[in-house]
Q: 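This is the structure I have questions about; it appears just below.
The sequence lines fix the lettering, A, B, ..., with proteins before strands; numbering per chain opens at 1.
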Amino acid sequence: MLLIDKYAYFNRLKHIHPVEKMTFALFLLLFALTVKDTIVSLITFAVMSAFIILGAKIPLRYYIKLLLLPGFFLLSGILTIVISFASIKTTTPHVLWSVEFGYWKLFITENNIKIATKLILVVLSSISCLYFLTLTTPVNAILQVLRKLKVPQLLIEIIEITYRFIFVFLETALHIYQAQNSRLGYMTMKKWLHSLGLLISSLFINVFKRAKELTIAMDSRGYTEDIMYIDDNYQYSAVNWIIITIIIASIVAVYLLFGGTL
Amino acid sequence: MKTLNWKVLYFIAVLLFVPNKASAMHIMEGFLPIEWAIFWWAVTLPFLILGFRSIRKSIKENPETKMMLGLSGAFAFVLSALKIPSVTGSCSHPTGVGLGTVLFGPFAMSIVGSIVLLFQALLLAHGGLTTLGANAFSMAIVGPIIAYLVYKGATKAGWSFSVAVFLAAALGDLGTYVMTSVQLALAFPSEVGGFMASFTKFAGIFALTQIPLAISEGLLTVIVMNFLKKY
Amino acid sequence: MDELFFKIDQLTHRYVDGTTALKNLSLSIKKGKKIALLGNNGAGKSTLFQHLNGILQPTTGSILFKGEQVRYNRKFLMTLRKQVGIVFQDPDSQLFSGNVRQDISFGPMNLDWSQEKVHKQVEWAMEQTEVTALQDRPIHFLSLGQKKRVAIAGVLAMNPEVFILDEPSAGLDAYYSKQIMHILRDIHQGDKTIILSTHDVHFAYEWADEIIVMSDGEILYHGDPVTVFYNEALLNQAHLEKPWVFETAQQLLEKQLLRDEGPMPRSKEELFQLLK
Amino acid sequence: MDELFFKIDQLTHRYVDGTTALKNLSLSIKKGKKIALLGNNGAGKSTLFQHLNGILQPTTGSILFKGEQVRYNRKFLMTLRKQVGIVFQDPDSQLFSGNVRQDISFGPMNLDWSQEKVHKQVEWAMEQTEVTALQDRPIHFLSLGQKKRVAIAGVLAMNPEVFILDEPSAGLDAYYSKQIMHILRDIHQGDKTIILSTHDVHFAYEWADEIIVMSDGEILYHGDPVTVFYNEALLNQAHLEKPWVFETAQQLLEKQLLRDEGPMPRSKEELFQLLK
């Protein structure tokens, strides 16, 4: 039901060790974000997209759809940064365009255009890193790594229970929604509020019921305090580490070559 | 005839954006400069630690709390993920978190809220990992605390249950959005007018979507709460 | 002459995640029939049902309702759903209101009827399904059998012409299953069309006018409820068992212990009467 | 000599909300038996099961396990739950881990076995239930039939001596039901005791060594799986039908169409072989 989740389990890179994928994606994400360099951003975006489409074999159409997903936020955010306003008396440097409304004027400066362009590139490279991680690495695998990193056990357990029941409730919610629809809910604004209120309420009652049933079921299997199970088996690969190192080193090298400083 | 077509087109365009309002409130991956991303993580962390301690304590008293918290997270996530063609997208926070706040208190909810945000980033591509600290601060900490205080205050003032719930949910939602605007304005101050000018811009743009949303979410929470009160 | 309610032509449904639930399916459903849909879990029965009610839209192919192409705008859906009611399999996801009466009135209230008419319809539906005594009970205090009846009442109260039921007797013991069957008989006598899916071949064999067998998104059989059970290859393919009345009759006929007159017996009573 | 596993004496269970689910119930369960628990929805079957695993505590009355009074401290419960496993009806409330293998390993890990033994047990349980191919699959990609098998594997891996299953085949089609029944047969051959609740009298009649009939918190019958179906009054009271093999055999015997030798036939095959 959640496509990102589905691809995370059924992609061509699923057997790669999660530590390798996480190191790769997170390092490049933080690097691109820190240096804010046009070339680094473009290379990162290209590399990640290549891994997503050619490596993991995620359909191109779906990847583009994902890239457009935060479009509304990006568009409104960028517009807000680009367009400034001030009282007409203030002098503003390097104005490219301006329009006056009585006491106020709207204007765009060269500097803001520069900031916005850079921001768009950095955002593009950052989300490609995030998508690489989420499209190739199942949540289970990420949690297994976090566990190794000594993130508190209790926190991971709550995250795990959340993850599992997202799908149970998603299905329940969908069924309720369909049942309401078939009985003509959601047809007008008022019915919409009413139907949705009922949906949320019965889902919420479900939370209590499931919590109770789950506790009983876990108790019956000898649950005491910590939730434990055997880890999934992933193999580290020397080849992968070499590839990761080469890519990271090349990007850092390109950055330094084109005048960046660390 | 031509104007009618425009109206229809406009209406469709608006409808298309509506389900995306949820993501409109989440600061996306890469949007915040790294120093601000770190800053908001640092601000959020103490709250998470406090929340974690309070959770650990209540689980000691009642082990079922662990399941309840996990399930509440799943519940809030699902509300935000349902592609019901309307404003549900974002009701997860006021409703889910608002409901949870009343049940577990605001500190425990900061953990659940952050978990929900994590999954929204991982499974829905709403928000991001580096911006998780900032998003958690506005949505899982500031929002719930405001909702909680307003609810307590309104009940103490003797206002009716429905009014208290409505105000708590609506103001919690508005508080969240004001906080997000503050975060963006701090990161991107205007050349002229600095932080205040930038804040006005961000707050102004988001107000278009967030104020009607806050009202409908307030109403929705009242319906849900009144229903739950009966059972 | 039989009036045609649904005419489905080359319907294919592909879910967003890429799985194909229905493949090029064509089907006609006539007014006033009792139709049983058989098929294993995952055969596509629920997906088909959701198409009949306009909840899902075809990926390709078309659906005609009373000769008119189904459109997915609010107005058409309103008309369609007024006439086609679905009772879903899991009553827990179908009953979402606080108590029994509220839940049953959800549909009628959405039909914009007068308060009076809503009230009358709800009362009538509760009587038909024998839940009047439970009307103030909160949903989560009901047993599964009661919930199923309330779910049926909620659709019955809207008085649709076509009744679709997904596994109406799943999880119920014999007593409650029988009760549901009585309700269905009463409904049908009011000149309604009933389509239900079931795992219970014995019931389908006894009850249905027509049987549809689905497997893997396709229709393997659509016809009378007896012929299909002679077709061993088809039964194997769809993982279907023979109804025991049918199988026993076959065995008895072979040994010439049964009077071989008229059609195959379709109920226990018919079978026992034919014993030599 | 039959070893006694459970001895329940005068067990009454009253829930906090005041409803009495079990009334003065006494029952003995012997080692190695296959026991089917029949009774309508709400008869108290699930409540009884939860007592056998120490999840609920008796309001009054006592439960002996292997001659020892059940105590509700951690140590005793651990010993009890090691030996008595429950598979609940709804697998969605039972499976909580990320993927199949992890979930199955949850129980064994709680038993403080060595890593090696846990691995071996999990592998074995997966093989028995034919879910090995699914082991890396997350729970939410499984069908109902697969989830049921994983739930059984999770209990099987703990290698308990008593297996309790609540409605193992509810909601499953004939194909998956049969698969579950095969698993149960394999489990039983490993010298286990199996207690299951079911609505399916036909299955209970064919499969069980003993049948227990519950109604309204009380035990109406506990004995062999044939005698009970001669008792019309009891069947009426508990809303039970006769298994069709039994009923048909009765009819055939009456008309002297069946060879009257040995015990009543208990399966379709046995019935057809006895035809004259």
Q: Between atom CG of A:L198 and atom CD of C:Q102, what is the distance when rounded to the nearest 0.5 Å?
A: 8.0 Å
Q: Please give me the minimum heavy-atom distance between C:I55 and A:S182, naming the atom from each residue.
A: CD1-CB, 3.9 Å
Q: Out of curiosity, A:L184 CG to C:R74 CZ, how far, rounded to the nearest 0.5 Å?
A: 11.0 Å
Q: Mind checking the CG-CZ spacing from C:N53 to A:R183? Nearest 0.5 Å is all I need.
A: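 C:N53 CG to A:R183 CZ: 11.5 Å, rounded to 0.5 Å.
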Q: What part of C:L80 lies closer than 4.5 angstrom to a heavy atom of chain A: side chain, backbone, both or neither?
A: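 Neither the backbone nor the side chain of C:L80 comes within 4.5 Å of chain A.
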Q: Can you tell me which portion of C:Q50 sits under 4.5 Å from chain A's heavy atoms? Options are side chain, backbone, both or neither.
A: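 For C:Q50, the side chain is the part near chain A, not the backbone.
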Q: Under a 4.5 Å heavy-atom cut-off, does chain A meet the side chain of C:M158, its backbone, both or neither?
A: side chain
Q: Does any heavy atom of chain C fall under 4.5 Å from the side chain of A:S201, the backbone, both, or neither of them?
A: neither
Q: Are there over 12 heavy-atom neighbours, none belonging to C:Q69, within less than 6.0 Å of that residue's CD?
A: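 For C:Q69, atom CD is crowded (more than 12 foreign heavy atoms under 6.0 Å).
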Q: For C:R14, does the CZ atom have more than 12 heavy-atom neighbours from other residues, nucleotides or ligands under 6.0 Å away?
A: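 Result for CZ/C:R14: open.
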Q: Using a cut-off of under 4.5 Å for heavy-atom pairs, which of A:S195, A:A179, A:G197 has the most such pairs with chain C?
A: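 Of A:S195, A:A179, A:G197, A:A179 has the most heavy-atom pairs under 4.5 Å with chain C.
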Q: For C:F88, is it the side chain, the backbone, both, or neither that has a heavy atom closer than 4.5 Å to a heavy atom of chain A?
A: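 Just its side chain gets close to chain A.
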Q: What residue, out of C:A151, C:G154, C:P108, has the most heavy-atom pairs lying under 4.5 Å from chain A?
A: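 Top count of heavy-atom pairs under 4.5 Å with chain A: C:G154.
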Q: Measure C:D103 against the heavy atoms of chain A and call it side chain, backbone, both or neither at under 4.5 Å.
A: both
Q: Within a radius of less than 6.0 Å around CE of C:M126, do more than 12 heavy atoms belonging to other residues, nucleotides or ligands occur?
A: yes
Q: Please round to the nearest 0.5 Å and tell me the distance separating atom NE2 of A:H175 and atom CD of C:Q94.
A: 11.0 Å
Q: Do C:D92 and A:K209 come close enough that some side-chain heavy atom pair is under 4.5 Å?
A: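 In contact.
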Q: To the nearest 0.5 Å, what is the distance between NE2 on C:H140 and CG on A:N206?
A: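 CG of A:N206 is found 11.5 Å from NE2 of C:H140.
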Q: When rounded to the nearest 0.5 angstrom, what distance separates CZ in C:F106 from NZ in A:K191?
A: 9.0 Å
